Student: 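The following block contains the structure, expressed as structure tokens.
No experiment lies behind these values; they were computed from the predicted model shown. Lettering follows sequence order; numbering is per chain, from 1.
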Amino acid sequence: MDENIQQDINVLIKRRFEELNELKILGFEPFAYSYDVNSNAEDIKKNFNEDEKHVVKIAGRIMAIRRMGKASFAHIQDHTGRIQIYLRKDDIGDSYNAFKLLDIGDIIGIEGFVFKTKTGEISVHTTSMTLLSKTLRPLPIAKETVDEQGNKVIHDQFADKELRYRQRYVDLVVNSEIQETFLQRSRIISSMRNFLDSSGYIEVETPVLQPLYGGAAAKPFTTHHNALDTTLYLRIADELYLKRLIVGGFNGVYEISKDFRNEGMDRTHNPEFTMMELYVPYKDYEWMMQYVEKMIHHICTGVFGTLDFEYEERKINFNSPWQRVSMVDALMEKTGLDILTAQVDELKAMANKLGVDIKGLEAKGKLIDEIFSAVVQPELIQPTFVVDYPLELSPLAKKHRSKAGLVERFEGYVAGREICNAFSELNDPVDQRERFEGQVKAREEGDEEAHQIDEDFIRALEYGMPPTAGLGIGIDRLVMLLTNQSSIRDVIFFPQMKPEVK
RNA sequence: GGGCGCGUAGCUCAGGGGUAGAGCAUCUGCCUUUUAAGCAGAGGGUCGGUGGUUCGAGCCCACCCGCGCUCACCA
């Protein structure tokens, strides 16, 4: 930060330190130990009764002050919202002198009785004020007013996106409406966990630090373990460990945890993100599609009380069953090309004709994926399962029981975005080894994201894994969808940022 | 990395060649039902940085730095 700006802030901070000392001299402890709260802003307003003087004890942060000599009004904000307080020197004596030394941002406890002002605002008439925490930095507070048309106008809003992300604690205080999105995130995860638990599946934890990374096509973060003197990777997926647990005999395991991918950042990508993966033995991807429908239904109704959502101005309805379309059919319809029999040259020609950037790709699977992403995916607005993917795109999925060249895999799309990925898990260790070897070949041909051979995983499969259905859901993106947020940074408290420039 | 945009007081912003502005916030005084409280006064800026053009540069030019959006890669 620029030194001069720093100095200017310091003038304000210096004044706060002076107030701190003056408060101590007056005998007020600026940082209290506790306060017995028995009400909150929301309850006070909800339970207001003209005839009774409710006595309440509340605590919160001062968000506005209007001083009028020997009496003052202020608004304090707690976790339920704001409420006005009224303080008079006649009522609180010496504390009024302390109040004169308080600022917006300070945290106080107020005991008093509830009343309604001349102008009709339910307020607390203070009989006792306790300073709980003195602020040493000025809060970038906004003021609100209502214009002639009845629109809420916010003045001096704390709007710098970078500062909001870097200092989320300030953002949460002064733009407190964002708390709702994060509360919804929390409820979505709880609801999902609750649904999985009630199905009898076990929540487990598997390593974040892995000697071999796998389970997805992505570049990892690399780190080093000193005592072992070995390279470890931050996991890019939980998949291979969770399937080992299915080998071990559990009746369904899931994990909700952070995965890490060392790739670009934008409105839908953060380097660490939250993933839910579920594996259920003796089931296949058909069963899993229905399970996803039920789970999303449970979350939508449980958290939001509705199946109707709006995302980026488009209406979405989560009624079951979701639409289903096979990848082959969808591409046939859009391009007239049968991707099962098409040659690489035909796919490249089609991509060029459609204006799809294939940037030197040669692998058939990747070409198909590019064309699909460009021409089909954006049109999948209502919840849709795209089923049966090319084998070479899915080295961990089981070959389709009747369609050659495909695997039993589906992805769920909503509002043109992928929200889940699932398959009938490959449990044939011989086939798995061949797929891994195919990946090694792809890697040698320059595909940095191709899988490595995980010998221990193959060994686990050789001990026998029951037929299993597996699912992955990107939690951040699900939350974005359900809370109508277009940036992943708005559903993650502390999104990754460039290092702060001093 | 490419393209577009932004950077002026603590916050939100005006000013587009003539020597720095507004509102809020801060400080002082008055004010015991206010609510963007009010009234009177005060302080606060090397206008993101460096060079250049000019008698004179927030303003024009070049380069750099930071941030946002977007494209590419990707969940």
Student: Please write out the pairs of protein N or O atoms and N or O atoms of nucleotides 2-6 of chain B separated by less than 3.5 Å, giving the distance to one decimal.
Tutor:
none

Student: Expressed in whole Å, how much space separates the C1' atoms belonging to B:rU33 and B:rC69?
Tutor: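 Going atom to atom, C1' in each nucleotide, I get 48 Å.
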Student: Just the rounded figure in Å: distance from C1' of B:rU34 to CD1 of A:Ile122.
Tutor: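 Spelled out: CD1 on A:Ile122 to C1' on B:rU34 is 16 Å.
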Student: Determine the sole option in A:Glu205, A:Glu272, A:Glu277 for which the salt bridge (charged side-chain N to carboxylate O under 4.0 Å, His left out) test with A:Lys258 is passed.
Tutor: A:Glu272
Student: Looking at A:Lys441 and A:Glu392, is any side-chain nitrogen of the basic one under 4.0 Å from a carboxylate oxygen of the acidic one?
Tutor: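 Salt bridge absent between A:Glu392 and A:Lys441.
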Student: Centre-to-centre under 6.0 Å for A:Tyr254 and A:Tyr201, is that the case here?
Tutor: no
Student: What interatomic distance, in whole Å, is found between C1' of B:rC13 and the corresponding atom of B:rG58?
Tutor: 14 Å
Student: Measuring from atom OG1 of A:Thr384 to atom CH2 of A:Trp322, what distance do you get when rounded to the nearest 0.5 angstrom?
Tutor: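 Going from OG1 on A:Thr384 over to CH2 on A:Trp322, the span is 8.5 Å.
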Student: Take the protein atom CD of A:Glu263 and the nucleotide atom P of B:rC71, then report the distance between them rounded to whole Å.
Tutor: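 Between P of B:rC71 and CD of A:Glu263: 17 Å.
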Student: Could you tell me the separation between the CZ atom of A:Phe73 and the P atom of B:rC31, rounded to a whole number of Å?
Tutor: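 Rounded to the whole Å, the gap is 17 Å.
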Student: In whole Å, what separates the P atom of B:rG18 from that of B:rG3?
Tutor: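 It comes out at 33 Å once rounded to the nearest Å.
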Student: Start at the 5' end of RNA chain B and walk down; is the nucleotide closest to A:Arg489 or to A:Ala218 reached first?
Tutor: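 Nearest-nucleotide comparison on RNA chain B picks A:Arg489.
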Student: Can you pull every protein N or O that's under 3.5 Å from an N or O on nucleotides 27-30 of chain B?
Tutor:
unit_1: B:rC27; atom_1: OP1; unit_2: A:Arg15; atom_2: NE; d: 3.4
unit_1: B:rC27; atom_1: OP1; unit_2: A:Glu19; atom_2: OE2; d: 3.3

Student: Near A:Lys57 NZ, under 6.0 Å, is it more than 12 heavy atoms from other residues, nucleotides or ligands?
Tutor: yes
Student: Which residue, A:Ala64 or A:Glu272, contacts RNA chain B at a nucleotide closer to its 5' end, judged by nearest heavy atom?
Tutor: A:Ala64
Student: Measure from the ring center of A:Phe221 to the ring center of A:Tyr233 and say whether it is less than 6.0 Å.
Tutor: no
Student: Do A:Tyr165 and A:Phe493 have ring centres separated by under 6.0 Å?
Tutor: no
Student: Would you mind classifying the nucleic acid contact of A:Asp90 as base, sugar-phosphate or nothing, using non-hydrogen atoms under 4.0 angstrom?
Tutor: base
Student: Round to a whole Å and report the spacing from CG of A:Asp266 to C1' of B:rG68.
Tutor: 14 Å
Student: Would you mind classifying the nucleic acid contact of A:Gln84 as base, sugar-phosphate or nothing, using non-hydrogen atoms under 4.0 angstrom?
Tutor: base
Student: Classify the side chain of A:Glu121 and the base of B:rU33 as holding, or not holding, a donor-acceptor pair under 3.5 Å.
Tutor: no
Student: What distance, rounded to whole Å, do you find between the two P atoms, one in B:rG21 and one in B:rG66?
Tutor: 33 Å
Student: For nucleotides B:rG44 and B:rU32, find the distance between their P atoms and express it as a whole number of Å.
Tutor: 32 Å
Student: Between A:Lys53 and A:Phe113, is NZ or CZ placed under 6.0 angstrom from the six-membered ring centre and within 45° of the ring axis?
Tutor: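 Output yes; distance and angle both within limits.
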Student: Touch check for A:Asp369, heavy atoms < 4.0 angstrom, all strands: base, sugar-phosphate only, or nothing?
Tutor: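 No contact.
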Student: Check step by step if ring pair (Phe, Tyr, Trp, His ring centres under 6.0 Å) holds for A:Phe423 and A:Tyr285.
Tutor: CA-CA 5 Å; A:Phe423 23 89; A:Tyr285 78 142; 9.5 Å; no
Student: Would A:Asn49 and A:His54 satisfy side chain to side chain donor-acceptor pair (under 3.5 Å), going step by step from the backbone distance to the final call?
Tutor: CA-CA 8 Å; A:Asn49 181 336; A:His54 282 292; 5.6 Å; no
Student: Can you check the distance between B:rC39 and B:rG56, where both ends of the measurement are the C1' atom (answer in whole Å)?
Tutor: 41 Å
Student: Any cation-pi pair here, A:Arg168 with A:Phe494, using under 6.0 Å and within 45°?
Tutor: no
Student: Under a plain distance cut-off of 3.5 Å, with no hydrogens placed, do A:Arg61 and A:Ser176 share a side-chain donor-acceptor pair?
Tutor: no
Student: Does A:Arg66 have a side-chain nitrogen or oxygen under 4.0 Å from the phosphate oxygens OP1 or OP2 of B:rA37?
Tutor: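 Yes, such a contact exists.
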Student: So what does A:Ala217 touch, heavy atoms closer than 4.0 Å: a base, only the sugar-phosphate, or nothing?
Tutor: sugar-phosphate
Student: Drop me the distance from A:Gln452's CD to A:Gln439's CD, to the nearest 0.5 angstrom.
Tutor: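 So the gap between those two atoms works out to 10.5 Å.
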Student: By the rule that syn is within 90° of 0, classify the base conformation of B:rG16 as syn or anti.
Tutor: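 Glycosidic conformation of B:rG16: syn.
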Student: To the nearest angstrom, how far is A:Ile83 atom CD1 from B:rU33 atom P?
Tutor: 19 Å
Student: What integer distance in Å separates A:Ile13:CD1 from B:rU26:C1'?
Tutor: 13 Å
Student: When you check the glycosidic angle of B:rG58, does it come out syn, meaning within 90° of 0, or anti?
Tutor: syn
Student: Output the single nucleotide from B:rU33, B:rG68, B:rC31 whose closest atom is nearest the side chain of A:Lys70.
Tutor: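 Nucleotide nearest to A:Lys70's side chain: B:rC31.
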Student: Determine, step by step, whether A:Asp91 and A:Tyr96 satisfy the side chain to side chain donor-acceptor pair (under 3.5 Å) criterion, reporting the C-alpha distance in whole Å, the side-chain angles of both residues, the deciding distance to 0.1 Å, and the verdict.
Tutor: CA-CA 9 Å; A:Asp91 299 320; A:Tyr96 198 78; over 6 Å; no
Student: Take atom P in B:rU28 and the same atom in B:rA36, then report the distance between them in whole Å.
Tutor: 24 Å
Student: Give the rounded distance in Å between these two atoms: NE2 of A:His75 and C1' of B:rU33.
Tutor: 13 Å
Student: Treat a base pair as Watson-Crick or G-U wobble with both distances under 3.5 Å, then lay out RNA chain B in dot-bracket form, 5' to 3', with | for cross-strand pairs.
Tutor: ((((((((.[[[[.)..(..]]]].(((((.......))))).....[[[[[..)....]]]]])))))))....
Student: Taking atom C1' in both B:rU12 and B:rA57, what distance in whole Å separates the two?
Tutor: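 Pairwise C1' distance, B:rU12 against B:rA57, rounds to 26 Å.
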Student: Within this structure, what is the CZ-to-P distance between A:Arg164 and B:rU12, rounded to whole angstrom?
Tutor: 11 Å
